[in-house]
Amino acid sequence: MVSIEHVKHLAWLSRLDLSNEELVKYHIEIEKIIEYLDRLDSITLSDVEPRYYKKSVSEFRNDQVLETRTDLSKTTKNIKDGYVKAPKMR
Amino acid sequence: MNELWSLSAQQVSSRVRNGDFTIEDYVFQLLERINAIDDKIKAFITVNDDALETARKIDTKIKRQETIGPLAGVAVGVKDNICTKNIRTTCASKLLHEYKPPFDATVISRLKERDAIIIGKLNLDEFAMGSTTEFGSFGPTHNPWDPNYVVGGSSGGSAASVAASECTVSLGSDTGGSIRCPASFCSVVGFKPTYGSVSRYGLISYSNSLEQIGPIARTVSDIVMMMNAISGHDENDNTTHFQKMYEFSDASDLKKPVRFGLVKELIEGSDPVISRLVYSSMDLLSSAGFKWEEISLNSIDYSLASYYTIAMAEASSNLARYDNLRYGFDCQPEGYEWNSYFSTIRNNFGDEVKKRIMIGSHVLLSGYYSKYYLKAQKIRSILRQEVKKLFKYIDILISPTMPVLPFRLGEGIDNPMKRYLIDANTVIANLIGIPAISIPTGFNDKLPIGVQLMADEMQDQLLLSVSKIYERIAGVRRKPDFI
Amino acid sequence: MTGIVRIGVEIHCQLTGLNSKLFCKCRGDYRNDLPNRNVCPICTGQPGTMPLLNNKAIDYSCMIALALGCTIPSEMGFYRKNYFYPDLPKNYQITQYDSGGIGSVGSNGKLEFGKEYARIRRIQLEEDPGRLIYEGGDMDTSFYTLVDYNRAGTALVEIVTEPDFKDAATVRAFLNKLTSILEHLGVCNTKLEGSVRCDANISIDNGKRVEIKNVGSFREVEKALNFEIIRQESLSSRNIEIKSETRHWDNERKVTKQSRAKEEEQDYKYFLEPDIPIVLLDKSYLNSIQQTMPELPDKRRTRFVEEYHLSDHVSQVLINNKEMADFFESAVRIYSSPKEIANWLVSDLMSYIGVSKTDETSLTDLKIGPRHIAELAKLVDENSISRHTAKSMLNRILRTGEMPSQLVGQFDSSKIIDEKILTKAIEDTFDSERAAVIDASSNPSVINFLLGKVLKLTKGRADPQIALSLIMDKLNKN
Ligand SMILES: [Zn+2]
């Protein structure tokens with residue numbers, strides 16, 4: 001069971017401003033999908049280790065500088081005096 | 001010089017070298033063709049304005065007898081979630097409609113270095129989330145075999161454009177079948193390489209641990225040609241294998257006898273029309289002297305749940321960055337409180353994306369992490385163990401690519417869970433990182449059917465060699481007739 | 001009625017010793033750049049980019065973990081800490097965490113300082129966010145925010161202690177020791193603005209924990225903690241419940257303030273960063289780090305005692321400030337008289353550093369170097385000059401940078417070099433020569449006139465070099 005309050009919480013955590021209709025519609029679909037994912041509960045795997053890709057330290061990048069100086073004014077219109085303009089914090 | 005557009009990449013590359021025709025002529029014909037038919041197919045989001053100019057430059061090189069790259073003349077369509085410098089890359093999302101990346105994906109620079117021509121950017125489900133190419137902000141792509149049917153997805157534009165000969169070959173990305181599904185639905189070849197053999201630098205992430213870039217073509221030989229260009233270690237992608245370049249051979253000779261394993265659970269779960277066709281292909285393989293047997297994969301029951309858990313979890317985090325500050329569309333933030341700005345902006349995601357982000361957040365919540373995400377990762381590892389065991393005596397796993405035939409656009413759209421289930425056959429390869437390919441095998445009336453072959457990790461060469469043989473023995477090649 | 005105070009700290013230390021950022025090739029030194037110039041597709045979170053881990057940052061973080069006596073795992077991983085904030089280019093931070101056996105670079109360490117010690121809970125390597133600037137200067141009233149991503153993605157090491165400190169002074173002593181270690185390892189120039197930041201948590205009598213953030217410097221940490229101890233004690237003495245909360249240090253008003261940010265239950269939805277493979281920290285790698293590690297403060301102090309026969313106290317004072325210890329050893333290399341040189345440093349030079357505006361004044365800002373001190377010590381040892389004269393000389397050298405040997409002979413101990421006396425004479429001159437003082441700004445030759453007046457007033461005994469430089473200082477201030 002997934003409550004509509006929980007879906008609201010998920011929307012907040014995801015920063016999605018859902019209308020009431022959207023909330024109702026998504027709630028039904030999300031609940032169905034989560035029910036499907038819950039089948040993972042029916043298998044116990046306590047002794048299984050997840051598998052990870054591993055590399056030794058030397059395989060990672062060396063500490064060298066390559067200046068790109070990407071120009072953000074080409075990808076955003078929110079530029080002021082070289083700064084990226086963001087909303088207010090309160 | 002008519003119908004140049006129907007040539008394979010191999011043919012184009014050798015004939016432009018011989019001077020049979022110029023690359024400009026070829027590209028011009030393709031552009032005309034796109035102009036004429038793409039209204040019906042809607043494979044393209046953006047056509048590259050510079051394609052002809054680039055073609056002329058390579059023609060000049062040929063004329064001056066300068067060395068040219070192995071892909072000279074080959075016109076590559078690119079799924080619109082792969083970054084192309086200064087050509088907009090939208091992911092079929094309103095949030096990126098105006099986004100022009102400041103860099104080329106590694107696969108794109110490799111193609112350019114080899115004198116391939118980027119002909120345009122191809123349609124997909126928004127952020128590659130879907131199996132039908134209906135869920136993008138530019139609308140659906142239509143199946144070249146019947147425009148009322150879906151093309152499959154999410155690399156629908158990549159498969160449809162190759163099927164309709166709007167480009168020579170294309171690049172797609174495959175997270176849970178996104179190359180192989182549309183390849184099967186459009187009767188073209190689609191290849192997902194071993195995880196880590198092709199750089200993902202510049203592939204806009206949906207689910208990093210599952211996805212790979214791969215080629216779609218009309219022949220296996222063209223797949224080989226593309227793989228030789230795009231594969232190999234990349235210092236910009238920490239997850240690529242440390243092997244400088246792969247050199248794949250186009251030869252179909254096998255060093256040892258090859259044994260096929262038909263995956264029982266995947267045959268049983270398929271439309272009878274499809275399983276009948278697969279069995280008759282097995283007969284053809286038998287008569288060609290190949291051994292095969294039915295094998296069973298027990299952990300398959302959990303693979304889809306594992307796949308969707310991981311994909312959605314990673315997606316919820318990957319897509320957090322779309323807040324319209326550093327890139328995006330014109331929407332001035334002044335006066336907004338930041339949370340409300342972010343939420344307003346992000347509501348421009350489509351329904352499917354929003355749902356997956358929310359479910360992804362759910363499975364990562366600290367209280368649920370071991371219930372879903374960790375469990376899903378563990379299932380990957382037992383599925384892998386199981387498959388590894390099979391590969392001790394089986395060389396190639398075989399199954400239908402899709403358990404269903406292409407369906408009508410919009411069909412079952414209100415039952416997303418049912419839609420998710422059709423990925424059952426393809427997600428296995430992504431969960432364990434092995435190479436997989438879909439090869440056109442037949443038709444039911446006008447609707448294409450593809451067969452999937454899978455090999456062990458890093459056995460891409462074996463898979464491609466076997467694919468060439470399979471293509472010859474059981475493959476089909478037709479042109480869509482509606483065009 | 002003081003209760004049991006328990007303080008724990010979280011230190012964020014930038015790895016300023018690196019050339020490039022943690023996950024991209026932009027410069028690690030983002031200071032002194034125009035906004036958003038030290039950026040690339042990776043550190044601005046452009047779609048399609050992936051983190052490219054800097055292997056030197058792994059070396060550095062292992063060095064810190066070793067220096068703080070931590071356990072280093074054979075495999076470590078990076079995690080995504082998911083939360084939205086406009087200074088985060090990806091709306092998640094790549095950091096370390098411990099889950100399912102894949103942990104951070106160090107844990108369970110211990111650092112001794114003086115007679116005390118603090119347990120280190122965890123050390124983790126992570127990326128710094130960008131910088132927010134509130135248009136109009138205030139987070140609460142500004143209509144929009146400006147973001148500079150130059151800092152985004154630079155390498156940070158976070159060091160978390162157990163709540164082992166009982167008062168603010170102990171925290172300060174711990175931080176001094178830690179700073180000295182970081183300096184000795186060469187991983188962090190702790191004198192750079194914002195290179196070391198400290199958050200603290202504090203509880204009294206096992207009460208609720210209060211977090212203190214936004215503390216600018218180590219001196220401020222002590223003040224903030226002392227304020228917070230008094231605040232909490234005064235609350236509990238009046239039976240007012242202490243809330244578990246986050247408070248910000250107000251640097252202007254010297255108080256902690258309740259953060260007005262929404263104190264929601266944060267769920268960071270940690271999971272392993274899929275684009276960074278697990279990092280193998282095998283024995284041979286750690287051995288090689290161990291072997292190439294620079295000498296640490298404790299070892300150096302012992303060596304100073306044994307090699308130079310300095311007292312424990314003097315050695316400690318020198319080593320607390322790595323620059324001073326380096327200065328000492330350079331001077332000794334020029335003229336081998338360790339005790340004399342140490343004496344000059346500890347009892348004379350140290351006070352000049354302290355005199356300046358901030359206690360962060362660097363030795364390199366002074367005109368004096370190891371050559372000067374070595375020579376001064378030599379002159380005294382050889383009885384060429386008296387210690388008294390030498391001290392006078394030091395005073396002058398600090399201003400002029402002249403070599404002591406040049407000054408012998410011409411340096412007349414009858415000259416007035418005392419800044420207080422000279423300043424008084426200059427003030428008197430300025431009072432009586434107001435017109436000239438005003439002219440001085442447009443006509444430099446008037447300065448010589450003023451100097452003449454000062455010399456006359458002191459009957460020619462004023463040291464002209466020092467007097468001149470004091471006159472210049474005063475004119476600049478006017
Ligand atoms: Zn960068």
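Numbers restart at 1 for each chain; the letters A, B, ... are given by sequence-line order, proteins then strands.
A donor-acceptor contact shorter than 3.5 Å is absent between the side chain of C/Asn19 and the backbone of A/Gln64. Panel note: side chain C/Asn36, backbone A/Gly82; a donor-acceptor pair is recorded below 3.5 Å.
Of the listed residues (C/Asp59, C/Ile102, C/Ile276), the greatest number of heavy-atom pairs within a distance under 4.5 Å of chain A belongs to C/Ile102. For the options A/Ile79, A/Val65, A/Leu72, heavy-atom pairs under 4.5 Å to chain C are most numerous at A/Val65. Of the listed residues C/Leu18, C/Ile133, C/Asp148, C/Thr44, the one with more heavy-atom pairs under 4.5 angstrom with chain A than any other is C/Leu18. In terms of non-hydrogen atom pairs under 4.5 Å with chain A, the most contact-rich of C/Leu52, C/Val147, C/Asn91 is C/Val147. Considering only heavy-atom pairs separated by less than 4.5 Å from chain A, the leading option among C/Lys56, C/Lys21, C/Arg27 is C/Arg27. Ranked by heavy-atom pairs under 4.5 Å with chain C, the first of A/Lys85, A/Glu67, A/Glu49, A/Arg61 is A/Arg61. When each of A/Lys88, A/Lys80, A/Glu59 is checked for heavy-atom pairs under 4.5 Å with chain C, A/Lys88 comes out on top.
Both the backbone and the side chain of C/Phe143 come within less than 4.5 Å of a heavy atom in chain A. Only the side chain of A/Thr75 comes within contact range of chain C, judged by heavy atoms closer than 4.5 Å. Interface remark: C/Tyr134 contributes side-chain atoms only to the contact with chain A (heavy atom separation under 4.5 Å). Only the backbone of A/Asp81 comes within less than 4.5 Å of a heavy atom in chain C; its side chain stays farther off. Interface remark: C/Cys62 contributes no atoms to any contact with chain A (heavy atom separation under 4.5 Å). Both the backbone and the side chain of A/Leu66 come within contact range of chain C, judged by heavy atoms closer than 4.5 Å. Heavy atoms closer than 4.5 Å to chain C are found nowhere in A/Thr76, neither backbone nor side chain. For C/Ile58, the part sitting under 4.5 Å from any heavy atom of chain A is the side chain, from C-beta outward, and nothing else. Using a 4.5 Å cut-off between heavy atoms, C/Phe23 touches chain A through its backbone atoms (N, CA, C, O) alone.
There is a side-chain donor-acceptor pair under 3.5 Å between C/Asn55 and A/Asn62.
Of the candidates C/Leu15, C/Leu22, C/Asn54, A/Asp63 forms a side-chain contact (heavy atoms from CB on, under 4.5 Å) with just one, namely C/Asn54.
Atom CG in C/Leu132 sits 11.5 Å away from atom OH in A/Tyr83 (nearest 0.5 Å). A/Lys55 contributes atom NZ, which lies 11.0 Å from atom CG of C/Leu280 (distance to the nearest 0.5 angstrom). For the atom pair CZ of A/Arg90 and OG1 of C/Thr145, the computed distance is 10.0 Å after rounding to the nearest 0.5 Å. Atom CG in A/Leu13 sits 10.0 Å away from atom CG in C/Asn82 (nearest 0.5 Å).
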Practice prompt. Dump the intermediate steps for side chain to side chain contact (heavy atoms under 4.5 Å, CB included) on A/Thr68 and C/Val39, then the final yes or no.
Written response: CA-CA 7 Å; A/Thr68 316; C/Val39 294; over 6 Å; no
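Across all non-hydrogen atoms, the minimal contact from A/Thr70 to C/Arg37 is O-NH1, 4.0 Å.
A salt bridge links C/Asp33 to A/Arg69: one of the charged nitrogens lies within less than 4.0 Å of a carboxylate oxygen.
The shortest distance between side-chain heavy atoms of A/Phe60 and C/Pro277 falls below 4.5 Å.
C/Asn32 CG: 12 or fewer foreign heavy atoms inside a 6.0 Å radius.
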